[in-house]
Every structure is written in C-alpha cells, then in structure tokens.
K.L.:
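Structure provided below as structure tokens; questions to follow.
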Amino acid sequence: MCWVVGLALLGGCNKKDAAPAAGESQVAAQVNEGEVSVHQVEALLQLQPALGARFGEQASARALDSLIEQELAAQAAVQAGLDHSPKTLQALALARREVLARAYQDQLAEKASLPDTSAVERYYDEHPELFSQRRQYLLEETVAQVTGADVDAWLRKAESTHSVEELQAWLAQQTVPRKSRRFAQWAEGMPLELLPRLAKLKPGQSMALRRPESVYVLTVIKTEDAPVLLGQATPAIQAVLTGQRRQEAVREGMTRLREQAKITRFMAQAEANASAASSADVASAPQPSASH
C-alpha cells in the first residue's frame, strides 16, 4: 500500500497511479478507505503547540503519524460495532456539544474590540509594579504546617519582623514542620494578586498568607530595579487587554443566552427526592430493642 503524504509534510508517493499530492487534493494520507487531510494535521498542530516546540521540522510528520494511528483505531472500532455502543454514542454527543460550544464562544471572542492607545496607557499607569517600578526580587519562601488558633499568631509575627535574621531566629524556635527555599523572580513572574503587596516591602520584610493546613511566608532578601518604558510594554499590554476583552465578550454572550433560555433542572430535584426518600426509610426502619 502507498500512503499519499503531502509534500509539505513527508513527501509524496512515486507511483504513477498514486493519488494527487496533498497540495492539490488536501489529502495527507490514505488509510485503507479513509483519509487524513492536511487541514486535520494543521488543526492538530494548532491544538497541540507543544509538538512544534518539541519536534521542530518533524512536527507535521509526528502529527500525521498520530492521526494515522487514530484513523486505524477508529476504523477498527467501526468494524467491531463499537460506533453503536451506548458508551460511544454518549461520548460522541458530548464531544459534539463541546466542539459546537467552543466554536460559538470563539465567535463571541472574535467580536471583542481591540484596546486603543488610551486603554494601554491607563493599564501601564495602573500597574507601576509591572512597568515603571518593575523589579527583580530575591525571595525566601517558607511554608509551615500551622493550623487552628496558631495561624493568626504566625501571620502577625511573620509580618512584624524587620530582617531576615530576625525571622529565621524566630522560625528556629518553632517546632512545626516547615520547608524553605530561596529563588529569584521578575515582577511579571509573580502571581498578580500578590505583586502589589510584594512591591511595597523593603528588604527584610515579609508577607504571610493563610493557606489550607499551612502558613505561606514570602520574605524579600533584596531587589533590583528594572523599569520598562511604555513603548516596550505596549505589545504585552495589548495582549493582556485583548485576552481580557475576549473573556468578557464570552461571559456577556453566555449571560445573554442564560437570560433568554428556559432552563429546568431535573437532576437536582431527583437527588433531593432520593435523599428525602432515604431519610424516610431510615426513620421508619425498626429500631433495635435495648438489651437489659
């Protein structure tokens, strides 16, 4: 058998009776009676950009091999009658709904307006810790297994220390399990919800956060200023604002759909009925007699 592979992917078949090249037919490979198209290869590469980063020029070939394997398995499933099984039909219905929903939400996102110059400048001014006052931080991170009433005391003490030595001396007196590490991080690499607080700290000061079953302490060892000018920051700001506007367009579109729709939830009512019935069965069950 000769699989027809696009010249852009792996090269064509040399037989005279071979099908046209993929550039003409858009067929990347013939698999028994089925086909894998160039568009499917391109779609897979878009969905899995890690393939391009990992395999470089061989990414298209790898994607095609994966789709050929998939096509072979799909053909075998049909021959085995699995395409009619309830489990498969349910999975196909879920996949179809997911693809259609994503397509509609992508359409909503495409309608989002692009940020103008004033929006970019406003974002730059509102986030000095990312741009005009950008820094690189050398930090010490400590995670201590503290729970219950001790948490508040830990939070207050960690944030009241004024030097790394003072904090470490206090930590050395504590008996709870803990782990510490030092690392360097640029401002944009920090969680955005923490950055405004972190930017206000001087070397030696700490911020402490309540976490499930632990206390998280972040101490500034030293900082290095590395401001970014508006012109340098503009592309990144545009990307952030565009992403935010696309997400907002999707949220607004989905809110409109919910407001216009008539939705009746049967599952919640069925679960409530089942729970009530179970409680009634327990209440009406014969109770064991007390032994004397």
Side-chain angles (χ1 to χ4, degrees), residues 119-228 233 236-237 239-248 250-252 254-255 258 265 267-268 271-272 274-276 278-279 282:
V120 172
E121 293 176 350
R122 185 165 56 253
Y123 189 90
Y124 181 90
D125 293 337
E126 290 174 350
H127 297 84
E129 67 278 1
L130 283 173
F131 307 113
S132 61
Q133 299 174 18
R134 175 175 176 262
R135 296 171 180 166
Q136 185 183 46
Y137 296 88
L138 178 61
L139 302 166
E140 181 165 279
E141 173 189 80
T142 300
V143 180
Q145 296 181 19
V146 184
T147 59
D150 295 333
V151 171
D152 289 337
W154 267 74
L155 296 176
R156 288 193 299 269
K157 181 61 179 179
E159 294 193 346
S160 67
T161 57
H162 299 287
S163 69
V164 178
E165 294 75 18
E166 181 184 354
L167 177 63
Q168 290 178 338
W170 180 76
L171 288 174
Q173 300 173 5
Q174 310 309 307
T175 58
V176 298
R178 67 181 186 276
K179 292 182 179 180
S180 298
R181 70 181 181 107
R182 287 194 178 187
F183 63 99
Q185 186 63 272
W186 290 101
E188 61 271 21
M190 296 298 299
L192 292 181
E193 65 273 14
L194 301 184
L195 191 54
R197 286 182 62 186
L198 183 64
K200 296 178 181 178
L201 299 180
K202 298 178 180 179
Q205 293 183 322
S206 302
M207 58 183 293
L209 303 171
R210 188 189 306 266
R211 296 282 174 84
E213 306 298 324
S214 68
V215 168
Y216 178 83
V217 181
L218 204 56
T219 305
V220 177
I221 307 301
K222 69 176 183 178
T223 64
E224 180 180 346
D225 292 337
V228 176
I237 295 175
V240 169
L241 292 178
T242 299
Q244 291 177 351
R245 293 186 178 195
R246 288 171 63 89
Q247 292 176 1
E248 183 60 28
V250 172
R251 281 195 295 268
E252 291 178 354
M254 295 306 299
T255 298
R258 280 183 170 272
R265 298 177 182 269
M267 179 179 290
E271 291 175 348
S275 177
S278 177
S279 299
V282 171

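The first residue in the sequence is number 1, and the count goes up from there.
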K.L.:
Stepwise, does the side-chain contact (heavy atoms from CB on, under 4.5 Å) test hold for Leu209 with Arg211?
P.N.:
CA-CA 6 Å; Leu209 303 171; Arg211 296 282 174 84; 3.7 Å; yes
K.L.:
Can you list the residues that meet the side-chain hydrogen bond (donor to acceptor under 3.5 Å, both in side chains) rule with Asp152, with sequence neighbours excluded?
P.N.:
Arg210
K.L.:
Evaluate the criterion side-chain contact (heavy atoms from CB on, under 4.5 Å) for residue pair Gln205 and Thr219; output intermediate values, then yes/no.
P.N.:
CA-CA 6 Å; Gln205 293 183 322; Thr219 305; over 6 Å; no
K.L.:
Out of curiosity, Glu140 CD to Gln168 CD, how far, rounded to the nearest 0.5 Å?
P.N.:
5.0 Å
K.L.:
Roughly how far, to the nearest 0.5 Å, is CZ of Arg135 from CG of Asp225?
P.N.:
5.5 Å
K.L.:
Are Val176 and Thr147 side-chain neighbours, meaning at least one heavy-atom pair lies under 4.5 Å?
P.N.:
no
K.L.:
Could you grab the distance from atom CD of Gln145 to atom CG of Asp150, nearest 0.5 Å is fine?
P.N.:
13.0 Å
K.L.:
If you measure from NZ on Lys222 to CD on Glu224, what distance do you get to the nearest 0.5 Å?
P.N.:
7.5 Å
K.L.:
Which heavy atom in Ala187 sits nearest to a heavy atom in Leu195, and how many Å separate them?
P.N.:
O-CD2, 3.5 Å
K.L.:
Within the side chain of Gln174, is there an N or O that forms a donor-acceptor pair under 3.5 Å with the backbone of Leu171?
P.N.:
no
K.L.:
Output all residues satisfying side-chain hydrogen bond (donor to acceptor under 3.5 Å, both in side chains) with Arg197, sequence neighbours left out; order by chain, then residue number.
P.N.:
Glu159
K.L.:
In sequence, state the C-alpha distance, the side-chain angles, and the governing distance for Phe183 and Leu138, and then conclude on side-chain contact (heavy atoms from CB on, under 4.5 Å).
P.N.:
CA-CA 6 Å; Phe183 63 99; Leu138 178 61; over 6 Å; no
K.L.:
Before giving the answer on side-chain contact (heavy atoms from CB on, under 4.5 Å), spell out for Val250 and Arg246 the whole-Å C-alpha distance, their side-chain angles and the decisive distance to 0.1 Å.
P.N.:
CA-CA 6 Å; Val250 172; Arg246 288 171 63 89; 5.7 Å; no
K.L.:
State, yes or no, whether a side-chain contact exists between Ser180 and Glu141 at a heavy-atom distance under 4.5 Å.
P.N.:
no
K.L.:
Could you tell me which residues satisfy side chain to side chain contact (heavy atoms under 4.5 Å, CB included) with Ala233, sequence neighbours excluded, listed by chain and number?
P.N.:
Tyr124, Phe131, Val228, Ile237
K.L.:
Looking at Ser160, is its backbone amide N or carbonyl O close enough to the side chain of His162 to form a donor-acceptor pair, meaning the two atoms are under 3.5 Å apart?
P.N.:
yes
K.L.:
Distance from Arg182 atom CZ to Thr142 atom OG1, nearest 0.5 Å?
P.N.:
9.5 Å
K.L.:
So how far is it from Trp170 CH2 to Trp154 CH2, rounded to the nearest 0.5 Å?
P.N.:
4.0 Å
K.L.:
Verify the neighbour count for atom CD of Glu213: are there more than 12 heavy atoms of other residues, nucleotides or ligands below 6.0 Å?
P.N.:
no
K.L.:
Taking side chain as C-beta onward, heavy atoms only, is Glu166 less than 4.5 Å from Lys157?
P.N.:
yes
K.L.:
Name the residue from Leu201, Thr161, Leu218, Leu139 that meets the side-chain contact (heavy atoms from CB on, under 4.5 Å) definition with Ser206.
P.N.:
Thr161
K.L.:
How close do Leu167 and Ala158 get, heavy atom to heavy atom, and via which atoms?
P.N.:
CD1-CA, 4.3 Å
K.L.:
Can you give me the closest heavy-atom contact between Ala184 and Gln136, atom names plus distance?
P.N.:
CB-NE2, 4.4 Å
K.L.:
Where is the tightest heavy-atom contact between Arg245 and Ala119, given as atom of each residue plus distance?
P.N.:
NH2-CB, 3.6 Å
K.L.:
Kindly give the heavy-atom pair with the smallest separation between Glu129 and Ala199, and that separation in Å.
P.N.:
CB-CB, 3.8 Å
K.L.:
Taking the six-membered ring of Trp186 as reference, does the cationic atom of Arg134 (NZ for Lys, CZ for Arg) lie under 6.0 Å from its centre and within 45° of its axis?
P.N.:
yes
K.L.:
Please evaluate residues Glu248 and Arg251 with respect to the criterion salt bridge (charged side-chain N to carboxylate O under 4.0 Å, His left out), reporting the C-alpha separation (whole Å), side-chain torsions for both, the decisive distance (0.1 Å), and the verdict.
P.N.:
CA-CA 5 Å; Glu248 183 60 28; Arg251 281 195 295 268; 2.6 Å; yes
K.L.:
Give the minimum heavy-atom separation between Ala208 and Val215, together with the two atoms involved.
P.N.:
CB-CG1, 4.5 Å
